[in-house]
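For clarity, every value in this text was computed on a predicted model and none was experimentally measured. By convention in this document, chain letters (A, B, ...) are assigned in the order of the sequence lines, proteins followed by strands, and residues within each chain are numbered from 1. Side chains are part of it too, since the values below use all heavy atoms of this structure and drop only hydrogens, waters and symmetry mates.
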Number of protein chains: 2
Amino acid sequence: MMEFEQILRSRGYRLTNQRRVIVRELEGERHLSAEEIYDRVKEEHPELGLSTVYRTLDLLHELGIVRKEDFGEGYSRYELATERMHHHARCRRCGKVIEFNEELMEYLTLQVERETGFVTDSYEITLHGLCRECAAASS
Amino acid sequence: MMEFEQILRSRGYRLTNQRRVIVRELEGERHLSAEEIYDRVKEEHPELGLSTVYRTLDLLHELGIVRKEDFGEGYSRYELATERMHHHARCRRCGKVIEFNEELMEYLTLQVERETGFVTDSYEITLHGLCRECAAASS
DNA sequence: GTAACTGCAAATGCTTTGCATAATC
DNA sequence: GATTATGCAAAGCATTTGCAGTTAC
(Lines give C-alpha, C1' and ligand atoms only; values in the text may rest on other atoms or scores of the structure.)
Protein backbone atom coordinates (compact mmCIF):
# COMPACT_ATOMS: atom_id res chain seq x y z
CA MET A 1 0.00 0.00 0.00
CA MET A 2 1.86 3.01 -1.29
CA GLU A 3 -1.23 5.01 -1.99
CA PHE A 4 -1.81 6.13 1.55
CA GLU A 5 1.68 7.63 1.72
CA GLN A 6 0.96 9.76 -1.30
CA ILE A 7 -2.37 10.89 0.10
CA LEU A 8 -0.70 11.96 3.33
CA ARG A 9 2.06 13.88 1.57
CA SER A 10 -0.26 15.57 -0.88
CA ARG A 11 -2.27 16.92 2.03
CA GLY A 12 0.80 18.15 3.88
CA TYR A 13 0.75 15.48 6.58
CA ARG A 14 3.97 13.82 7.65
CA LEU A 15 4.80 10.24 7.05
CA THR A 16 5.71 8.81 10.42
CA ASN A 17 6.68 5.34 11.45
CA GLN A 18 3.62 5.07 13.68
CA ARG A 19 1.28 5.81 10.80
CA ARG A 20 3.01 3.27 8.60
CA VAL A 21 2.83 0.58 11.27
CA ILE A 22 -0.86 1.18 11.95
CA VAL A 23 -1.74 0.94 8.27
CA ARG A 24 0.30 -2.26 7.98
CA GLU A 25 -1.71 -3.73 10.82
CA LEU A 26 -4.96 -2.84 9.08
CA GLU A 27 -3.68 -4.50 5.93
CA GLY A 28 -3.26 -7.70 7.92
CA GLU A 29 -6.71 -7.91 9.42
CA ARG A 30 -10.17 -6.40 9.09
CA HIS A 31 -12.47 -5.08 11.80
CA LEU A 32 -9.76 -4.06 14.25
CA SER A 33 -10.49 -1.86 17.23
CA ALA A 34 -8.08 0.85 18.36
CA GLU A 35 -7.14 -1.21 21.38
CA GLU A 36 -6.50 -4.31 19.28
CA ILE A 37 -4.20 -2.40 16.97
CA TYR A 38 -2.42 -0.97 19.98
CA ASP A 39 -1.91 -4.42 21.53
CA ARG A 40 -0.66 -5.98 18.31
CA VAL A 41 1.78 -3.21 17.56
CA LYS A 42 3.06 -2.83 21.10
CA GLU A 43 5.03 -6.07 20.96
CA GLU A 44 7.31 -4.80 18.22
CA HIS A 45 6.97 -1.10 18.93
CA PRO A 46 6.53 -0.56 22.66
CA GLU A 47 6.99 3.15 22.19
CA LEU A 48 3.63 3.53 20.46
CA GLY A 49 0.91 5.21 22.50
CA LEU A 50 -2.79 4.46 22.42
CA SER A 51 -3.64 8.09 21.79
CA THR A 52 -1.51 8.02 18.67
CA VAL A 53 -3.56 5.07 17.46
CA TYR A 54 -6.75 7.05 17.96
CA ARG A 55 -5.33 10.18 16.36
CA THR A 56 -4.03 8.22 13.39
CA LEU A 57 -7.29 6.36 12.85
CA ASP A 58 -9.15 9.65 13.02
CA LEU A 59 -6.90 11.15 10.39
CA LEU A 60 -7.02 8.11 8.14
CA HIS A 61 -10.79 8.09 8.42
CA GLU A 62 -11.11 11.73 7.48
CA LEU A 63 -8.83 11.13 4.51
CA GLY A 64 -11.05 8.26 3.42
CA ILE A 65 -8.29 5.68 3.85
CA VAL A 66 -10.07 3.70 6.55
CA ARG A 67 -13.71 3.00 7.31
CA LYS A 68 -15.05 3.36 10.82
CA GLU A 69 -17.50 0.67 11.81
CA ASP A 70 -19.91 0.29 14.68
CA PHE A 71 -21.00 -3.18 15.72
CA GLY A 72 -22.88 -1.93 18.75
CA GLU A 73 -20.13 -3.04 21.11
CA GLY A 74 -19.63 0.35 22.65
CA TYR A 75 -16.46 1.10 20.70
CA SER A 76 -15.44 1.45 17.06
CA ARG A 77 -13.74 -0.90 14.66
CA TYR A 78 -11.71 0.11 11.65
CA GLU A 79 -10.75 -1.35 8.32
CA LEU A 80 -9.10 -0.18 5.12
CA ALA A 81 -11.53 1.48 2.73
CA THR A 82 -10.04 -0.69 -0.02
CA GLU A 83 -11.61 -3.78 1.51
CA ARG A 84 -14.63 -5.11 -0.25
CA MET A 85 -17.76 -3.48 1.07
CA HIS A 86 -19.90 -5.67 3.20
CA HIS A 87 -22.89 -5.60 5.44
CA HIS A 88 -23.99 -6.83 8.79
CA ALA A 89 -26.99 -8.37 10.43
CA ARG A 90 -26.93 -7.81 14.15
CA CYS A 91 -29.07 -9.79 16.60
CA ARG A 92 -30.79 -7.48 19.05
CA ARG A 93 -30.98 -10.26 21.62
CA CYS A 94 -27.52 -11.83 21.76
CA GLY A 95 -25.55 -9.25 19.79
CA LYS A 96 -24.17 -11.75 17.30
CA VAL A 97 -23.05 -10.16 14.03
CA ILE A 98 -23.64 -12.05 10.82
CA GLU A 99 -21.78 -10.77 7.78
CA PHE A 100 -22.99 -10.96 4.22
CA ASN A 101 -22.22 -9.51 0.84
CA GLU A 102 -24.46 -8.47 -1.97
CA GLU A 103 -23.96 -6.87 -5.28
CA LEU A 104 -26.68 -4.39 -6.11
CA MET A 105 -26.61 -0.96 -4.47
CA GLU A 106 -24.54 0.71 -7.14
CA TYR A 107 -27.63 2.34 -8.51
CA LEU A 108 -28.61 3.58 -5.07
CA THR A 109 -25.44 5.57 -4.53
CA LEU A 110 -25.87 7.14 -7.95
CA GLN A 111 -29.41 8.14 -7.16
CA VAL A 112 -28.41 9.68 -3.84
CA GLU A 113 -25.66 11.68 -5.49
CA ARG A 114 -28.07 12.93 -8.09
CA GLU A 115 -30.56 14.04 -5.47
CA THR A 116 -28.33 15.35 -2.71
CA GLY A 117 -24.84 15.82 -4.13
CA PHE A 118 -23.45 13.32 -1.67
CA VAL A 119 -20.44 11.44 -3.07
CA THR A 120 -20.28 7.90 -1.69
CA ASP A 121 -17.02 6.09 -1.34
CA SER A 122 -18.33 3.18 0.68
CA TYR A 123 -21.55 2.03 2.21
CA GLU A 124 -22.77 -0.27 4.89
CA ILE A 125 -26.06 -2.02 5.41
CA THR A 126 -27.14 -3.10 8.86
CA LEU A 127 -30.11 -5.34 9.43
CA HIS A 128 -31.68 -5.34 12.88
CA GLY A 129 -33.53 -8.42 14.03
CA LEU A 130 -32.99 -11.87 15.48
CA CYS A 131 -30.47 -14.50 14.51
CA ARG A 132 -31.66 -18.03 13.79
CA GLU A 133 -31.14 -19.24 17.35
CA CYS A 134 -32.77 -16.29 19.09
CA ALA A 135 -35.65 -16.28 16.62
CA ALA A 136 -36.22 -19.95 17.38
CA ALA A 137 -36.02 -19.40 21.13
CA SER A 138 -38.58 -16.61 21.12
CA SER A 139 -41.32 -18.38 19.20
CA MET B 1 -49.41 3.15 21.20
CA MET B 2 -50.97 0.40 23.28
CA GLU B 3 -48.96 -2.32 21.70
CA PHE B 4 -45.85 -1.78 23.77
CA GLU B 5 -47.81 -2.25 26.98
CA GLN B 6 -49.00 -5.62 25.80
CA ILE B 7 -45.52 -6.67 24.77
CA LEU B 8 -44.19 -5.76 28.20
CA ARG B 9 -46.92 -7.61 30.03
CA SER B 10 -46.72 -10.69 27.88
CA ARG B 11 -43.04 -10.98 28.69
CA GLY B 12 -43.59 -10.55 32.41
CA TYR B 13 -42.18 -7.02 32.63
CA ARG B 14 -43.95 -4.40 34.69
CA LEU B 15 -45.66 -1.38 33.30
CA THR B 16 -44.19 1.58 35.14
CA ASN B 17 -44.83 5.24 34.75
CA GLN B 18 -41.24 5.84 33.70
CA ARG B 19 -41.52 3.38 30.85
CA ARG B 20 -44.76 4.92 29.69
CA VAL B 21 -43.31 8.42 29.76
CA ILE B 22 -40.20 7.44 27.83
CA VAL B 23 -42.23 5.77 25.09
CA ARG B 24 -44.47 8.82 24.88
CA GLU B 25 -41.41 10.99 24.32
CA LEU B 26 -40.24 8.70 21.53
CA GLU B 27 -43.65 8.97 19.93
CA GLY B 28 -43.21 12.73 19.83
CA GLU B 29 -39.83 12.87 18.12
CA ARG B 30 -37.41 10.67 16.24
CA HIS B 31 -33.66 10.27 16.72
CA LEU B 32 -33.59 11.11 20.41
CA SER B 33 -30.54 10.43 22.55
CA ALA B 34 -30.83 9.12 26.11
CA GLU B 35 -29.78 12.49 27.47
CA GLU B 36 -32.31 14.34 25.32
CA ILE B 37 -35.12 12.11 26.56
CA TYR B 38 -33.94 12.64 30.11
CA ASP B 39 -33.91 16.44 29.71
CA ARG B 40 -37.33 16.57 28.10
CA VAL B 41 -38.95 14.37 30.69
CA LYS B 42 -37.27 15.94 33.68
CA GLU B 43 -39.37 19.08 33.47
CA GLU B 44 -42.59 17.23 34.17
CA HIS B 45 -41.12 14.28 36.04
CA PRO B 46 -38.08 15.46 38.03
CA GLU B 47 -37.96 12.10 39.80
CA LEU B 48 -36.81 10.26 36.67
CA GLY B 49 -33.18 9.18 36.68
CA LEU B 50 -30.85 9.00 33.70
CA SER B 51 -29.96 5.40 34.42
CA THR B 52 -33.62 4.48 34.18
CA VAL B 53 -33.69 6.04 30.73
CA TYR B 54 -30.74 3.88 29.69
CA ARG B 55 -32.20 0.74 31.26
CA THR B 56 -35.57 1.35 29.65
CA LEU B 57 -34.10 2.01 26.21
CA ASP B 58 -32.04 -1.15 26.51
CA LEU B 59 -35.12 -3.17 27.35
CA LEU B 60 -37.24 -1.60 24.63
CA HIS B 61 -34.48 -2.26 22.15
CA GLU B 62 -34.15 -5.90 23.11
CA LEU B 63 -37.92 -6.26 22.80
CA GLY B 64 -37.77 -4.77 19.33
CA ILE B 65 -39.88 -1.77 20.28
CA VAL B 66 -37.18 0.81 19.60
CA ARG B 67 -34.31 0.98 17.12
CA LYS B 68 -30.87 2.01 18.29
CA GLU B 69 -29.03 4.26 15.87
CA ASP B 70 -25.46 5.39 15.57
CA PHE B 71 -24.70 8.63 13.77
CA GLY B 72 -21.03 8.55 14.71
CA GLU B 73 -21.50 11.19 17.38
CA GLY B 74 -20.08 9.10 20.17
CA TYR B 75 -23.44 8.23 21.66
CA SER B 76 -26.60 6.46 20.52
CA ARG B 77 -29.92 7.74 19.32
CA TYR B 78 -33.22 5.91 19.55
CA GLU B 79 -36.52 5.85 17.73
CA LEU B 80 -39.63 3.72 17.69
CA ALA B 81 -39.32 0.66 15.46
CA THR B 82 -42.69 1.57 13.99
CA GLU B 83 -41.18 4.62 12.31
CA ARG B 84 -40.59 4.30 8.63
CA MET B 85 -37.19 2.81 7.94
CA HIS B 86 -34.67 5.22 6.59
CA HIS B 87 -31.04 5.53 5.78
CA HIS B 88 -28.21 7.91 6.25
CA ALA B 89 -25.33 9.37 4.36
CA ARG B 90 -22.68 10.65 6.70
CA CYS B 91 -19.91 13.03 5.62
CA ARG B 92 -16.53 11.84 6.83
CA ARG B 93 -15.20 15.39 6.82
CA CYS B 94 -17.81 17.53 8.56
CA GLY B 95 -20.00 14.81 10.06
CA LYS B 96 -23.21 16.07 8.49
CA VAL B 97 -25.90 13.41 8.22
CA ILE B 98 -28.14 13.41 5.16
CA GLU B 99 -31.25 11.32 5.40
CA PHE B 100 -32.91 9.55 2.52
CA ASN B 101 -35.50 6.90 1.88
CA GLU B 102 -35.73 4.23 -0.73
CA GLU B 103 -38.05 1.44 -1.42
CA LEU B 104 -36.25 -1.66 -2.63
CA MET B 105 -34.40 -3.84 -0.11
CA GLU B 106 -37.33 -6.10 0.64
CA TYR B 107 -35.82 -8.79 -1.48
CA LEU B 108 -32.50 -8.47 0.30
CA THR B 109 -33.88 -9.27 3.73
CA LEU B 110 -35.62 -12.31 2.30
CA GLN B 111 -32.42 -13.53 0.72
CA VAL B 112 -30.50 -13.09 3.96
CA GLU B 113 -33.11 -15.02 5.90
CA ARG B 114 -32.99 -17.82 3.37
CA GLU B 115 -29.21 -18.07 3.61
CA THR B 116 -28.56 -17.46 7.28
CA GLY B 117 -31.87 -17.78 9.14
CA PHE B 118 -31.63 -14.18 10.28
CA VAL B 119 -35.07 -12.60 10.72
CA THR B 120 -34.96 -8.88 9.93
CA ASP B 121 -37.33 -6.46 11.57
CA SER B 122 -35.63 -3.29 10.40
CA TYR B 123 -32.59 -2.25 8.46
CA GLU B 124 -30.37 0.71 8.01
CA ILE B 125 -28.11 1.78 5.20
CA THR B 126 -25.20 4.09 5.85
CA LEU B 127 -23.22 5.65 3.05
CA HIS B 128 -19.75 6.93 3.83
CA GLY B 129 -18.34 9.73 1.75
CA LEU B 130 -18.43 13.47 1.30
CA CYS B 131 -21.39 15.82 1.29
CA ARG B 132 -21.81 18.26 -1.57
CA GLU B 133 -19.96 21.08 0.16
CA CYS B 134 -17.00 19.00 1.37
CA ALA B 135 -16.74 17.25 -1.98
CA ALA B 136 -16.59 20.64 -3.68
CA ALA B 137 -14.01 21.95 -1.20
CA SER B 138 -11.67 19.02 -1.71
CA SER B 139 -11.51 19.07 -5.49
C1' DG C 1 -45.93 -9.65 50.29
C1' DT C 2 -42.60 -10.31 46.92
C1' DA C 3 -40.16 -9.67 42.97
C1' DA C 4 -39.24 -6.25 39.71
C1' DC C 5 -37.98 -1.51 39.15
C1' DT C 6 -35.95 2.91 40.32
C1' DG C 7 -32.71 6.74 41.87
C1' DC C 8 -28.53 8.06 43.26
C1' DA C 9 -23.76 8.08 43.28
C1' DA C 10 -19.83 5.79 42.22
C1' DA C 11 -17.45 3.10 38.88
C1' DT C 12 -16.26 1.78 34.19
C1' DG C 13 -14.45 2.01 29.65
C1' DC C 14 -13.69 4.28 25.33
C1' DT C 15 -11.89 8.36 23.53
C1' DT C 16 -9.88 13.04 23.74
C1' DT C 17 -6.75 16.60 25.25
C1' DG C 18 -2.76 19.46 27.30
C1' DC C 19 1.79 19.79 27.26
C1' DA C 20 6.61 18.90 27.04
C1' DT C 21 9.60 16.12 24.01
C1' DA C 22 10.88 14.07 19.61
C1' DA C 23 10.76 13.48 14.72
C1' DT C 24 9.76 14.94 9.92
C1' DC C 25 10.45 17.86 6.11
C1' DG D 1 15.04 25.17 12.21
C1' DA D 2 10.20 25.33 12.12
C1' DT D 3 6.32 22.81 12.51
C1' DT D 4 3.96 18.73 12.95
C1' DA D 5 3.45 14.44 15.49
C1' DT D 6 4.02 11.70 19.64
C1' DG D 7 3.74 9.81 24.51
C1' DC D 8 2.12 10.17 28.82
C1' DA D 9 -1.05 11.19 32.22
C1' DA D 10 -5.07 13.40 33.23
C1' DA D 11 -9.60 14.71 31.85
C1' DG D 12 -14.08 13.97 29.47
C1' DC D 13 -18.25 11.67 28.25
C1' DA D 14 -21.56 8.16 27.54
C1' DT D 15 -23.01 4.23 29.71
C1' DT D 16 -23.24 0.69 33.47
C1' DT D 17 -23.59 -1.03 38.11
C1' DG D 18 -24.32 -1.68 43.32
C1' DC D 19 -27.44 -1.06 46.58
C1' DA D 20 -31.06 0.61 49.53
C1' DG D 21 -35.59 2.19 48.99
C1' DT D 22 -39.97 2.07 46.18
C1' DT D 23 -43.60 0.32 43.32
C1' DA D 24 -46.39 -2.84 40.47
C1' DC D 25 -48.86 -6.89 40.52
How many whole angstroms separate atom NZ of A:K68 from atom P of C:dT16? 6 Å
Integer-rounded Å distance: C:dT12 P and A:Y75 OH: 18 Å
Hey, is the main chain of A:S33 close enough, under 3.5 Å, to the side chain of A:E36 for a donor-acceptor pair? yes
Quick one: which of C:dT16, C:dC25, C:dC5 gets closest to the side chain of A:D58? C:dT16
Is there a donor on the side chain of A:S33 or the base of C:dC14 sitting less than 3.5 Å from an acceptor on the other? no
Worked check of side chain to side chain contact (heavy atoms under 4.5 Å, CB included) between A:L32 and A:R77: CA-CA 5 Å; A:L32 288 174; A:R77 293 187 171 276; 5.5 Å; no
Using OP1 and OP2 only, check whether a side-chain N or O of A:T52 sits under 4.0 Å from D:dG7. yes
Interatomic distance, B:L50 CG vs C:dA10 P [rounded to whole Å]: 15 Å
Rounded to the Å, how far apart are B:Y38 OH and C:dT6 C1'? 13 Å
Side-chain donor/acceptor contact of B:R14 with base of C:dA3 under 3.5 Å: yes
Using whole Å, report how far CD of B:E5 lies from C1' of D:dC25. 15 Å
If you go through the side-chain atoms of A:S76, does one of them form a donor-acceptor pair with the base of C:dC14 closer than 3.5 Å? no
Between A:R19 and C:dT24, does any side-chain N or O lie under 4.0 Å from OP1 or OP2? no
Please report the distance, rounded to the nearest Å, between CG in B:L60 and P in C:dC5. 12 Å
Need to verify one output field. Residue with the more 5' nearest nucleotide on DNA chain D, B:S51 or B:R20? B:S51
For DNA chain D, whose closest nucleotide is more 5', that of A:E47 or that of B:E73? A:E47
Run A:E29 and A:R40 through salt bridge (Lys or Arg N to Asp or Glu O under 4.0 Å) and show every step you take. CA-CA 11 Å; A:E29 181 144 352; A:R40 283 155 174 260; 3.0 Å; yes
Nearest 0.5 Å, please: how far is CG in A:L26 from CZ in A:F4? 10.0 Å
Pick the nucleotide of DNA chain C nearest each of A:A34 and B:P46; which residue has the one closer to the 5' end? B:P46
Does the side chain of A:V21 come within less than 4.5 Å of A:L48's, by heavy atoms? no
Should B:R55 be listed as having a side-chain N or O under 4.0 Å from OP1 or OP2 of D:dT15? no
Could you measure the distance from the CD atom of A:E69 to the CG atom of B:D70? Nearest 0.5 Å is fine. 11.5 Å
Whole-Å distance separating the CZ atom of B:R77 from the P atom of D:dT15: 10 Å
Phosphate-side-chain proximity, B:Q18 and C:dG7, N/O vs OP1/OP2 below 4.0 Å: yes
Strictly below 4.0 Å: does A:T16 bring a side-chain N or O up to OP1 or OP2 of D:dT6? yes
For B:Y54 and D:dT15, is the shortest distance between a side-chain N/O and OP1 or OP2 below 4.0 Å? yes
Rounded interatomic separation in angstrom, taking CZ from A:F71 and P from C:dC14: 16 Å
